[in-house]
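Take a look at the structure set out below.
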Amino acid sequence: MTEIYGLGNCDTCKKARNWLARFEVPHTFIDYRAQPVPAATLKAWATKVGGWEKLVNKSSTTWRQLLPQRKDPQSDPEWTLLLKEYPALIKRPVVVTGDEVTVGFTDNAFKTRFGK
């Protein structure tokens, strides 16, 4: 089963969910504002996608509004605290199938990932 983590009102998450429905890929959606992601899971995602820098959306309004000292976490606990405080900083959607974790949505990436 594929799990899609994101925000309910995010257009990219809606596109990803619609794509999965159109291609009949079974999935569940988890809104990580309503159901916060545990710190250990955030760290595991960061490891799977290639680091915190790839998990965080630095082009977001939320990122741009952070104080400069908050934009340079030096440890895993600092990153997880930042993401728990500002869940909108997590790139969307986070797609989890078994041990595979990816972030973002494009039609071609989903076609490759799900063999459609």
Are [Y] and [X] connected into the same hydrophobic cluster when the rule is that any two of I, L, V, M, F, W, Y join if their side-chain heavy atoms are below 4.5 Å apart?
X: V103; Y: I4; result: no
X: V96; Y: W52; result: yes
X: V95; Y: L89; result: no

By salt bridge (charged side-chain N to carboxylate O under 4.0 Å, His left out), K116 pairs with (sequence neighbours left out) none
Is the centre of the Y86 ring less than 6.0 Å from the centre of the W63 ring? no
Which pair of heavy atoms, one from P93 and one from T12, lies closest together, and at what distance? CD-CG2, 3.8 Å
Which residue pairs pass the salt bridge (Lys or Arg N to Asp or Glu O under 4.0 Å) test when at least one of the two sits in residues 20-46, sequence neighbours left out? R22-D107, K43-D76
Provide the full list of salt bridge (Lys or Arg N to Asp or Glu O under 4.0 Å) pairs with a residue in residues 82-99, sequence neighbours left out, each pair given once. R70-E85
With sequence neighbours excluded, what pairs up with L81 under the side chain to side chain contact (heavy atoms under 4.5 Å, CB included) test? none
Is it true that E100 and R113 have a side-chain N and a carboxylate O under 4.0 angstrom from each other? yes
Hey, does L83 have a side-chain heavy atom less than 4.5 Å from the side chain of L55? yes
Are Y5 and F29 side-chain neighbours, meaning at least one heavy-atom pair lies under 4.5 Å? no
State the [atom1]-[atom2] distance between [X] and [Y], to the nearest 0.5 angstrom.
X: N57; Y: R64; atom1: CG; atom2: CZ; value: 9.0 Å
X: H27; Y: E3; atom1: NE2; atom2: CD; value: 11.5 Å
X: L7; Y: C13; atom1: CG; atom2: SG; value: 6.0 Å
X: L82; Y: L42; atom1: CG; atom2: CG; value: 10.5 Å

Who pairs with F110 by ring pair (Phe, Tyr, Trp, His ring centres under 6.0 Å), at least two apart in sequence or on another chain? W19, F105, F114
Those residues that, when tested against D11, pass side-chain hydrogen bond (donor to acceptor under 3.5 Å, both in side chains) (two or more places apart): none
